[in-house]
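Keep in mind the model is a prediction, meaning the values are calculated, not measured. When a ligand or atom number is given, it counts from 1 through the structure's own listing order. These values consider heavy atoms only, across backbone and side chains, with no hydrogens, waters or symmetry-generated copies.
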Amino acid sequence: MSKRILSGMQPTAQLHLGNYLGALKNWIGLQDEPGAENFYMVADLHAITVPQEPAHLRQATREIAAAYIAAGIDPHKSTLFVQSAVPAHAEGMWLLSTMAQMGKLERMTQFKDKAGKNAERVGLGLFAYPVLMAADILLYKATHVPVGEDQKQHLELTREIASTFNTRYEGEYLIQPEPMIIGDATRVMSLQDGSKKMSKSDPSEKSRINLVDDTDTIVKKIKKAKTDTEPMGDSLKSIEGRAEVKNLVTIYASLAGISQEEVVQRHAGTQWGPFKDALAEVVVEHLAPITKKMRDLLNEPEEIDRILETGNQRACEVTESTLSEMQDIMGFWRV
Ligand code: TYM
C-alpha cells in the first residue's frame, strides 16, 4: 500500500521553534518519498477549543499556511488545506465520537494540562479534541502522521478508535496510522524552564522563539535563556540531567544539521555567553530566510488563498469518499 502522510498545526498563535523542529521541518523531506501523498492542514477547528478572536483566527490561518510554504511545503507536491473548509472533518468526528471512550479522553495529558483545575467548566470541544484529530487522520486513510512527541498519546487513541470501528463493523475499513516522531528535537523545551515544553500558551514570551521573531528579539531571548552555573561539558554524557543545557544543544544540533555530540565537543568547556552568541547565529541564519519568505507571501494573500482553495477541493474529494463509505457501513439511509 502507498504511503499517505498527514499532519497539521493549530492557528492559535505564532509558530515557535518547537512546532518547527518537532514537526514542520520534518515534513519537508517527506514530500519527496516515492509514492507518498502528503496532506498538511491548518487545524482551525481545533483552535476554537479555546476562545479565539475571529479576525485573529482568520489572519493566523493564513499565517500558518504562509509558514508551511515558506518552510518548504510545496503546493505542487503536497495538498495544503484548511480543516474548516472540509465539512467531512466535523461530520466524521460525530460518527467516531460514538466509538471514543470518555475514560480514555479523560486521561489525555493535553486535556488535563489545558483544562487544569477547571475541568468541569471547559467546553466539550476541548474534551473531544482528540476525536476530531482522529477524524482528521482516519478520513484520509493516512498511514503516517509526523508530529512532535506530545501528540503521541492522541495518535494512540486514533489507532484505538480505528480498531473499534473495524471490530464493530467487521472489516479492515479504517487504517491505523503510524506516528512519525522524527529527529532529535521531538520535544523542544521552554527557554526559561527545562522541565516544561516550549508552548504557544506559555505566558512568558521569553520562553519561546517564534518563527517570525526578528534578529534582535532572537538574540535577546537566547541571551536570557536559562542555563546553569557550570560551563559546557565535553561530551553528551557529561551534560546529562542538565535539562536547559541539553535543550540548547538540541536546538543547535537540529538547526545546524550536526549531531548533539558534535555541538558539545565543538564548544567543550565554553562559557554560556559565547555559546549563546554562536547559537543565536545558527538560529538566525536558519530562520531569517523562512521569515522573509513568509512576509513576502503575506503581502500577496490572494496567492495563499488560491493555494488553499485548490487544496481544500482535493481534501473534500478524498474525505467525502471515506465519509460516504463509513455512512454506508454504519447503515445510514440513502436513496
Ligand atoms: P499544535 O499546533 O499544538 O502543534 C503542532 C505540532 O508541533 C509539535 N510541537 C512540538 N514539537 C516539539 N517540541 C515542542 N515543544 C512542540 N510543541 C508543539 C506538535 O507535536 C505538533 O506536531 N493536535 C495537533 C494538530 C492537529 C493534528 C491533526 C496533527 C490537528 N489534527 C491531525 C496531526 C494530525 C497539534 O498539536 O497542534
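- At a heavy-atom distance under 4.0 Å, only side-chain atoms of Val145, from C-beta outward, approach ligand 1.
- Heavy-atom minimum distance, Thr143 versus Ser2: CG2-O, 3.9 Å.
- With Glu37 as reference, Arg314 is the one residue of Lys141, Lys77, Arg314, Lys3 to meet the salt bridge (charged side-chain N to carboxylate O under 4.0 Å, His left out) rule.
- Contact atoms of ligand 1 toward Arg187: 12 (C), 13 (N) (distance under 4.0 Å to a heavy atom of the residue).
- The backbone N or O of Ser84 lies less than 3.5 Å from a partner atom in the side chain of Asp44, making a donor-acceptor pair.
- Atom 3 (O) of ligand 1 has Gln10 NE2, 3.3 Å as its closest protein atom, hydrogens excluded (heavy atom only).
- Asn19 ND2, 3.8 Å is the protein heavy atom nearest to atom 9 (N) of ligand 1.
- Residue Ala43 approaches ligand 1 through these ligand atoms, each under 4.0 Å from one of its heavy atoms: 30 (C).
- Checked against a 6.0 Å centroid threshold, the rings of Tyr20 and His286 count as neighbours.
- Put simply, the side chain of Met9 reaches to within 4.5 Å of the side chain of Leu24, judged on heavy atoms.
- When the heavy-atom distances from atom 27 (C) of ligand 1 to Gly8, Ala185, Ala23 are ranked, the shortest goes to Gly8.
- Residue-ligand proximity, Met198 to ligand 1, at heavy-atom distances under 4.0 Å covers atoms 14 (C), 15 (N), 17 (N).
- Short contacts between ligand 1 and Tyr129, defined as distances under 4.0 Å to a heavy atom of the residue, involve ligand atoms 23 (N), 24 (C), 35 (C), 36 (O).
- With respect to Tyr252, the side-chain hydrogen bond (donor to acceptor under 3.5 Å, both in side chains) criterion is satisfied by exactly one of Gln260, Arg266, Glu262, His267: His267.
- Contacts between Ser7 and ligand 1, counted as non-hydrogen atom pairs separated by less than 4.0 Å, involve both the backbone and the side chain.
- Within ligand 1, the atoms closer than 4.0 Å to a non-hydrogen atom of His46 are 30 (C), 31 (N), numbered from 1 in the order shown.
- With hydrogens left out, the protein atom closest to atom 19 (C) of ligand 1 is Asp150 OD1, 3.3 Å, a heavy atom.
- If you check each of Gly18, Pro146, Gly22, Ala134 against atom 10 (C) of ligand 1, the one with the closest non-hydrogen atom is Gly18.
- Checked against Thr217 for a side-chain hydrogen bond (donor to acceptor under 3.5 Å, both in side chains), the options Thr215, Asp214, Asp213 give a single hit: Asp214.
- The neighbour count for Arg334 CZ, taken as heavy atoms of other residues, nucleotides or ligands under 6.0 Å away, is above 12.
- Taking any N or O of Gly148, backbone or side chain, at least one lies under 3.5 Å from an N or O belonging to ligand 1.
- The closest non-hydrogen atom to atom 17 (N) of ligand 1, taken over Met41, Gln83, Met9, His16, comes from His16.
- The aromatic rings of Phe165 and Tyr169 sit tilted, their planes meeting at an angle between 30° and 60°.
- Neither the backbone nor the side chain of Thr12 comes within 4.0 Å of ligand 1, counting heavy atoms alone.
- Ring to ring, Tyr40 and Phe81 are not that close: their centroids are 6.0 angstrom or more apart.
- Of all protein heavy atoms, the one closest to atom 31 (N) of ligand 1 is Asp136 OD2, 2.6 Å.
- Using a 4.0 Å cut-off between heavy atoms, Lys200 contacts ligand 1 through its side chain alone, with no backbone atom that close.
- In this structure, Ile28 and Ala71 approach most closely via the heavy-atom pair CD1-O, 3.4 Å.
- By the neighbour-count criterion of 12 heavy atoms within 6.0 Å, atom CD of Gln153 is densely surrounded, having more than that number from other residues, nucleotides or ligands.
- Below 4.0 Å from some heavy atom of Leu6 lie the following atoms of ligand 1, by number and element: 32 (C), 34 (C).
- Among Val188, Val42, Asp44, Leu138, the residue whose heavy atom sits closest to atom 13 (N) of ligand 1 is Val188.
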